[in-house]
Amino acid sequence: MIDIIIPLYNGEKYINDLLDCFARQRVYNFRLIFVNDGSIDKSSTILDMRKKDYDFEIVVINKKNGGVASARNTGILFSTAEYITFIDVDDFVTENYSEFLEEAKKKNVNLLLFQSIRVKNYDSNKYKYEKNKKYVIENIEIEKIISEFIINPTRYGVYNLFFKREKFQDILFEQNLVYYEDYEYLYKMFANQKTIYFSSEKVYLYLQRYGSAMNKFNEERIYSLDKVETLLEALKSKFNTNIYNKMKKWTVARLYWSVLWQSIFALGDYSEFKKFYQRTDGKNYIKKLVDIPFFKVQLISRLCLISPKMYYYLISIFCKKRTKIEKNKN
């Protein structure tokens, strides 16, 4: 059995679609654990009404609001299944999702990292069940995964993890982090692992919604970066020197790079961007990225160090159509 943990806060408009998505699975080898984190909408009522409509088990845990990290921890500690994974209530999975996880179970994996697709809208006809699909699940060096994760921190989320409960149930989310709790958790899961199982199968559908937390700029993210750095320092003994040195140099700087990019569209004015860059000691973060093994980040970081003004206007012009970042309201 697989426990799929779903943190839930005021998600009434997403629940029915997610349940119907799981109803289209061909293998009911799972139960859905909704952790209702103090919702004040009709989320709990909808789940109570609908949980008997399906051939798979639905569990609802009601708790006081404590944030997404607290909700996931509640689900992890409640779990009794052989395996655990996560999904967010406003996302979806392909119709091969549970079948793919069953194949991973047959391989007796301890920890598996799989892929997701970022989509602008969900079309069930586009992600239909593929009959007789062959799944490639291989064992690879953890250093390769961490190197990729440092370079592109949005490539993986906790919803890309599938792991044995008895091996990892004592690893919990840091509840004092306002932001980046996913990243800190992933590094803790990777700690002490020489290899993990990996698959390129894209069975998770991450829905890019306008107005989501990921698309909102908040300067509070900067203060969470200091906490991430401290938490990573605590993991030093659990990684070899080469991996840890990469983490120490690039992890937090790369996260700052993303925040700085967001600030361009959120602040909407060069003078405000300049103040933010100076106030947050941006130069100190960006100069660490001039040799990161990702050419785009290298190039743009060098440009920013030479001329923050040129960086601001080039990004604001050429990336405007691609961004979903909301402009801050005065």
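All residue numbers refer to positions in the sequence shown, counting from 1. Note that the structure is a prediction, hence the values are computed from the model and not measured.
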Main-chain N/O of [Y] paired with [X] side-chain donor or acceptor, under 3.5 Å:
X: Gln25; Y: Ser98; value: yes
X: Asp269; Y: Glu272; value: yes
X: Arg165; Y: Glu82; value: no

Whether the [X] and [Y] side chains hold a donor-acceptor pair (N or O, under 3.5 Å, no angle test) is what I'd like checked.
X: Glu130; Y: Asn96; result: no
X: Tyr277; Y: Ser263; result: no
X: Asp226; Y: Ser224; result: no

Output side-chain donor-acceptor pairs under 3.5 Å for residues 103-111, partner residues at least two apart or in another chain, one line each.
unit_1, atom_1, unit_2, atom_2, d
Glu103, OE2, Lys106, NZ, 3.3
Asn108, OD1, Lys164, NZ, 2.6

Under the side chain to side chain donor-acceptor pair (under 3.5 Å) test, residues paired with Glu233 that sit two or more places apart: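 With sequence neighbours excluded, Glu233 shows a side chain to side chain donor-acceptor pair (under 3.5 Å) to Tyr244, given in chain and number order.
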Holding to salt bridge (charged side-chain N to carboxylate O under 4.0 Å, His left out), I want the full list of residues that pass it with [X], two or more places apart in sequence or in another chain.
X: Glu229; answer: none
X: Arg50; answer: Asp20, Asp53
X: Lys144; answer: Glu148
X: Asp17; answer: none

Tyr206-Tyr159 aromatic ring centre distance below 6.0 Å: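 Between Tyr159 and Tyr206, which both carry aromatic rings, the centre distance is below 6.0 Å.
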is_close_aromatic(Phe162, Phe114), centroid dist under 6.0 Å: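 Here the rings of Phe114 and Phe162 have centres that are no less than 6.0 Å from each other.
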Stepwise side-chain hydrogen bond (donor to acceptor under 3.5 Å, both in side chains) test for Thr280 and Tyr256: CA-CA 9 Å; Thr280 57; Tyr256 177 86; 2.8 Å; yes
Heavy atoms of other groups near Lys51 NZ, more than 12 under 6.0 Å: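 Atom NZ in Lys51 is crowded, with more than 12 foreign heavy atoms closer than 6.0 Å.
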Neighbour count >12 (heavy atoms, 6.0 Å) for atom CE, Met310: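 Atom CE in Met310 is not crowded, with 12 or fewer foreign heavy atoms closer than 6.0 Å.
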Partner set under side chain to side chain contact (heavy atoms under 4.5 Å, CB included) for [X], not counting sequence neighbours:
X: Val68; result: Pro7, Arg72, Glu181
X: Asp55; result: Tyr28
X: Glu174; result: Asn176, Leu177, Glu184, Leu231
X: Glu143; result: Ser147, Asn240, Asn242, Ile243, Lys246

Side-chain touch Phe276/Glu219, heavy atoms, less than 4.5 angstrom: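 Heavy-atom side-chain distance check passes, below 4.5 Å.
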Side chain proximity check, Val89 to Ile15, heavy atoms < 4.5 angstrom: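 Yes, close enough: below the 4.5 Å cut-off.
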Taking distance alone, no hydrogens or angles, what donor-acceptor pairs closer than 3.5 Å link side-chain atoms of residues 285-294 to residues at least two apart or in another chain?
unit_1, atom_1, unit_2, atom_2, d
Asp291, OD1, Lys249, NZ, 3.2
Asp291, OD1, Trp250, NE1, 3.4
Asp291, OD2, Lys249, NZ, 2.6

Side chain to side chain donor-acceptor pair (under 3.5 Å) partners of residues 31-47, not counting sequence neighbours, each pair once: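 Passing the test, one end in residues 31-47: Asp3-Arg31, Arg31-Thr80, Asn36-Ser39, Asn36-Asn62, Asp37-Lys63, Asp37-Asn65, Asp41-Ser43.
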